[in-house]
Amino acid sequence: MLLNFYFVLVLTTCSAVQINYTKVPQAIRNNTGSSIILDCNYSIRPDDSELVVKWFLNNELVYQWVPPKQPQSLGVLKDRLDLFYKVTGDPKTAHRALKIFNPTTDIAGEYKCYVSTFADEDFNSKTMIVFEPERSLILEKKRPYSTYQNFTCQASEVYPQPTVFLFKDAEEHDVYDKTSLESVEWTTKKHSNGKFSVTVTSTIKSSKLDYGSLIFCELRIPGTGYVKRESLLYYPPDVDDLNCGVCMRSILSFYTYLIIYCTLYFLDLILFVSRK
């Protein structure tokens with residue numbers, strides 16, 4: 001009987017403070033103008049005293065609430081929180097959550113909720129990614145080299161660093177059946193604003209490309225679910241040159257016709273004026 005009582009006493013003491021769950025968005029878009037909520041749901045015993053709730057971002061203290069005082073925003077979240085926001089009506093949990101105005105890339109990272117009382121403490125952590133989509137994504141066909149055809153894809157000013165790869169479609173243009181192109185050159189540039197620009201050049205044997213094959217460039221931002229694709233239709237160089245020649249002949253024919261038409265018009269106008 002005494003042994004059973006001992007185990008109950010230990011269990012009760014250990015669970016004096018318990019974080020039930022922490023809600024932190026896994027990924028959000030940079031600078032949207034909207035607010036987000038980070039919540040730390042915890043339980044404490046009714047007789048617990050000296051409650052303190054803290055939030056850390058990358059191990060830096062950014063928020064502190066000591067009831068019944070008003071919460072404080074600190075560090076990189078200074079003046080970026082709604083300190084009057086209440087997630088519940090309970091005076092012991094009302095200000096447990098963070099309401100962040102317009103999140104930007106500088107406040108991404110690991111958020112840790114830390115709750116303590118006189119008798120116990122608990123904490124939990126989750127990571128939030130703040131991402132910035134690419135400014136542009138450009139896919140180009142390069143001049144062929146021997147029996148190979150090269151393609152280049154350039155993604156500019158993305159955050160965090162993305163993955164980029166090129167592939168061709170299957171025979172029936174099923175983008176889920178991907179034939180990856182071999183990457184022969186990869187360049188990554190980090191800008192002063194922290195964003196990344198990536199250029200990938202990939203190659204494939206010309207014999208593996210059909211007339212009108214669809215080539216894709218796919219950009220992904222890891223951990224966010226963000227995917228962007230660009231595509232182009234492949235035509236052999238001689239077909240491109242033929243199309244270009246036809247295009248140039250059409251343009252020259254149009255301007256030749258226009259010059260003849262304008263000349264005849266002005267000659268008629270001069271004759272008309274001279275008769276008067």
Side-chain angles (χ1 to χ4, degrees), residues 6-132 159-163 194 220-226:
Y6 173 77
F7 277 114
V8 171
L9 179 63
V10 170
L11 180 62
T12 305
T13 303
C14 290
S15 61
V17 175
Q18 179 178 327
I19 294 180
N20 304 314
Y21 62 83
T22 305
K23 290 179 65 176
V24 175
Q26 180 179 339
I28 55 170
R29 190 161 178 163
N30 178 57
N31 200 27
T32 62
S34 302
S35 299
I36 61 167
I37 305 296
L38 280 62
D39 193 10
C40 182
N41 185 297
Y42 58 83
S43 301
I44 59 174
R45 296 186 308 188
D47 59 339
D48 272 340
S49 59
E50 300 182 25
L51 172 64
V52 178
V53 178
K54 296 179 180 180
W55 281 88
F56 295 83
L57 171 56
N58 299 324
N59 295 318
E60 176 191 356
L61 181 62
V62 292
Y63 178 84
Q64 180 170 279
W65 176 44
V66 183
K69 298 179 181 178
Q70 276 293 107
Q72 297 175 286
S73 59
L74 306 161
V76 294
L77 291 187
K78 180 73 174 175
D79 300 323
R80 301 185 66 173
L81 301 178
D82 182 353
L83 297 178
F84 295 98
Y85 175 74
K86 293 183 179 181
V87 71
T88 73
D90 186 339
K92 290 189 176 182
T93 60
H95 292 290
R96 74 188 188 202
L98 305 182
K99 183 177 181 180
I100 305 176
F101 300 123
N102 190 31
T104 49
T105 55
D106 59 318
I107 62 167
E110 183 186 63
Y111 281 84
K112 179 170 73 174
C113 172
Y114 174 86
V115 181
S116 65
T117 63
F118 177 78
D120 197 12
E121 62 183 18
D122 196 8
F123 67 89
N124 195 15
S125 301
K126 282 192 175 180
T127 298
M128 182 177 76
I129 300 172
V130 183
F131 69 95
E132 177 73 22
Y159 182 86
Q161 184 173 343
T163 60
R220 291 178 177 268
I221 302 179
T224 67
Y226 180 84

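Residues: numbered from 1 along the sequence shown.
Here Ile37 contributes atom CD1 and Asp82 contributes atom CG; the two are 8.0 Å apart, rounded to the nearest 0.5 Å. Remark: Leu51 CG to Ser116 OG distance equals 7.0 Å, nearest 0.5 Å. The NZ atom of Lys112 sits 11.5 Å away from the CG atom of Leu57 when rounded to the nearest 0.5 Å. Note: Gln161 CD to Ile221 CD1 = 11.0 Å, rounded to the nearest 0.5 Å. To the nearest 0.5 angstrom, Leu98 atom CG is 9.5 Å from Leu83 atom CG. To the nearest 0.5 Å, atom CD of residue Gln18 and atom CG of residue Asn41 are 9.5 Å apart.
Scanning both residues, Trp65 and Ala94, for their nearest heavy atoms gives CH2-N, 3.7 Å. Nearest heavy atom pair, residue Pro222 against residue Pro162, reads CD-CA, 4.1 Å. Taking every heavy atom of both residues into account, Ser43 and Asn20 meet most closely at OG-ND2, 2.9 Å. The nearest pair of heavy atoms linking Asp79 to Ser73 is N-OG, 3.3 Å. Counting all heavy atoms, side chain and backbone alike, Tyr111 lies closest to Ile107 at OH-O, 2.7 Å. Across all their heavy atoms, Pro103 and Ser34 have their closest contact at CD-O, 3.2 Å.
Residue pairs satisfying the salt bridge (charged side-chain N to carboxylate O under 4.0 Å, His left out) criterion with at least one member in residues 25-36, sequence neighbours excluded, are absent. Here side-chain hydrogen bond (donor to acceptor under 3.5 Å, both in side chains) pairs that include residues 88-104, with residues two or more places apart or in two chains, are Asn31-Asn102, Asp39-Arg96, Arg80-Thr104, Thr88-Thr93, Thr104-Asp106. Residues in residues 46-60 take part in these salt bridge (charged side-chain N to carboxylate O under 4.0 Å, His left out) pairs, two or more places apart or across chains: Arg45-Asp47, Arg45-Asp48.
With Thr22 contributing its side chain and Cys40 its backbone, the two residues share no donor-acceptor pair below 3.5 Å. Looking at Gln26, its side chain does come within 3.5 Å of a backbone N or O of Gly223 through a donor-acceptor pair. Put simply, the side chain of Asn30 never gets that close to the backbone of Phe131: no donor and acceptor are under 3.5 Å apart. One N or O on the side chain of Asp120 and one on the backbone of Val17 form a donor-acceptor pair closer than 3.5 Å.
Within 6.0 Å of OH in Tyr85 there are more than 12 heavy atoms belonging to other residues, nucleotides or ligands. In the displayed structure, Asn59 atom CG is contacted under 6.0 Å by at most 12 heavy atoms of other residues, nucleotides or ligands. Other residues, nucleotides and ligands contribute over 12 non-hydrogen atoms within 6.0 Å of the CZ atom of Phe101.
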Side chain to side chain contact (heavy atoms under 4.5 Å, CB included) between Leu81 and Tyr63, intermediate numbers included: CA-CA 9 Å; Leu81 301 178; Tyr63 178 84; 3.6 Å; yes
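Ring geometry for Phe56 versus Tyr114: interplanar angle over 60°, hence perpendicular rather than tilted (30 to 60°).
A heavy-atom distance below 4.5 Å is found between the side chains of Leu38 and Trp55.
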